[in-house]
Amino acid sequence: MTKFDVVIVGAGAAGLFCAGVAGQRGLSVLIVDHAERVAEKIRISGGGRCNFTNREVTAANFLSENPHFSRSALAGYTPQDFLELVARHGIAWHEKHKGQLFCDRRSDDIIQMLLKECEAGGVTRWQPCGVREVRRTELGFELDTDRGAVQTPQLVVATGGLAIPKIGATDFGYKLATQFGHKVIDTRPALVPLTFEPQTWAPWAALAGIALEVDIQTETHYPSLTGGKRKGAATARFTEDLLFTHRGLSGPAVLQISSHWQAGKPIRINLTPTRELANLLKEAKTGSRKQLSTTWNQALGQDIPARLADTWLDQASLHTPSLTPQSAIAELKDKDLEWLGHSANDWHLTPNGTEGYAKAEVTAGGVDTRELSSQTMESKLVPGLYFIGEVMDVTGWLGGYNFQWAWSSAMACARSLNT
Ligand code: FDA
C-alpha cells in the first residue's frame, strides 16, 4: 500500500497551499482531487482576476457560530504574508474598492503559483481521482481511491463548500466529518442573489441591469456581530452597490446581506443613504408649481436612474392615489410626502429565497469549529484529522476574505503537521 506523511483531499485554494508548505517542510504529501481541472474556483473567481485577499482582514469579516476561532490563524498568516509570496512569483496585482486585491492579468497566475509551490515541495497530485472510502486504522487513516489504497497518519480535508456543483463541489467534507463524529452546522448558500415572489417582483423586473449604491440591512443571528453573546436580534449592515435582476436583487450589497439573511425575515434598503427624502419633499412644496415627478427626481438626486424613480412613483400611486406623477406638489399632504420619502429611505422587502448553490459564491455553515483546534485546524476528536478552508463553519464577507481564510487556515495546518 502507498504511504504518505500526509494526504490532502481537495486540490483547491486551501489544499494546494497546504500541500506546497507541507512538502517544503520535508513531508511526503499526496493531494487528491476528483475534478478534471485543478482549482476551478480560483480560475472563475473575481471575474477571472481572483480577488485573492483584502488589505484589512480581521475575524470580524467572518461569520461563524464560533466568532473568535479564525483569529489565531489570521494572525499567523496575514494578507501581507500572502502578498510577499505573490511578489516572489512576480504576479502583478492592483487594489480595487475597499481593500480588495486582484490579479492584473488573470486568476491562473495564482493557480500556477500554487502549483509551483507544490512542485518545490515534491508534492504528488492525483487528479482526477475520487476517494471512495476513508477508514481509521491503528496507523492513522486508509483511503480507497480510484488509483488504489493509500495509508497516512495525517489526513487533511480541503474539499470546500457546496457552491457551484457543476465544477466539482461536493458534500464529501461534511460527510467525512460526520463519519468521524463531528458536528456540522447547517449549510446554506451565501454570497448569493436573493429572489422574490414573481408577482411581487413583476414591476421591478423591468429594471434588471440597474445598479446603484445603497445602505442595506437585515437582522442577523451571528454572534460575531452581537459581541459574542446572543442577546436578541442584531443588525448586519453594508453600504455597497445593489443590482436589479429579472428574479430579484444582486450586486455586492445583496451578496453581503444574503450571508446573514434568515428565511422569512425582511431586508431593508435605503436607496438614498445621504438624502432624507421626506424632508426634501416637504421643503420643496413651498411656493412650488412643479409636478410631483419633477420634485421627486430632484429629491432623489442624479445617482438614481430615472427608470427607477418613475417605477417607484407608479408603485407609490397604487398605494396612495394622490401621489400620481402629474400631481401638483404644493397640493399634496405632508403625511403622504412623508410616506413616499420613507418608503425609499427604508424599503422593506422579504425575499422568497436565494438563487441557490448554482449561483452562490460560498457555503455558510460547515464543520463546527468548536471541535477543532484554532491553532492547527486539527480535530479535537480524532488526532491526525484536519479541516481547512471553506469546509469549516467560517464564512468570509465578499472581498477576498474567503481566499485569505483558505491561505491562513492552510498555513496553520501545514506548519503543525508532523514530519
Ligand atoms: P475550493 O472549492 O477552492 O476547493 C475544493 C476542492 O475540493 C475542489 O478542487 C474540488 O474539486 C475538490 N473536491 C470536492 N469534493 C471532492 C471529493 N469528493 N473528492 C475529491 N475532491 C473533491 N473568494 C474570494 O476570496 N475572492 C473571490 O474573488 C472569490 N470569487 C468567487 C467567485 C465564485 C464564482 C465562487 C463560486 C467563489 C468565489 N470565492 C471567492 C470563494 C472561494 O473560491 C472559496 O471560498 C475558496 O475557493 C475556498 O477554498 P477551498 O480550498 O476551501 O475550497
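Quick caveat, the model's predicted, so the values are computed rather than measured. Numbering of ligands and ligand atoms starts at 1, following listing order.
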So the salt bridge (Lys or Arg N to Asp or Glu O under 4.0 Å) pairs with at least one residue in residues 254-273 (sequence neighbours excluded) are Glu219-Lys265, Arg268-Asp346
**Q.** Between His342 and Glu276, a side-chain donor and acceptor under 3.5 Å
**A.** no
Show me the donor-acceptor pairs within less than 3.5 Å that the side chains of residues 166-175 make with the rest of the protein, sequence neighbours left out.
unit_1: Thr170; atom_1: OG1; unit_2: Phe172; atom_2: N; d: 3.2

- Please say whether the positively charged group of Arg136, taken as NZ for Lys or CZ for Arg, lies over the ring of Phe141, i.e. under 6.0 angstrom from the six-membered ring centre and within 45 degrees of the axis.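 Relative to the ring axis of Phe141, which defines the angle, Arg136 lies inside both limits.
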| Does the gap between the ring centers of His246 and Trp201 come in under 6.0 Å? | no
Side-chain donor-acceptor pairs under 3.5 Å in residues 84-93, sequence neighbours left out?
unit_1: His89; atom_1: NE2; unit_2: Glu117; atom_2: OE2; d: 2.7

query = Heavy atoms under 4.0 Å from ligand 1: which residues qualify?
reply =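 Contacting ligand 1 under 4.0 Å are Val9, Gly10, Ala11, Gly12, Ala13, Ala14, Asp33, His34, Ala35, Lys41, Ile44, Ser45, Gly46, Asn51, Ala158, Thr159, Gly160, Ile164, Gly168, Thr170, Phe172, Ala360, Glu361, Val362, Gly389, Glu390, Gly400, Tyr401, Asn402, Phe403.
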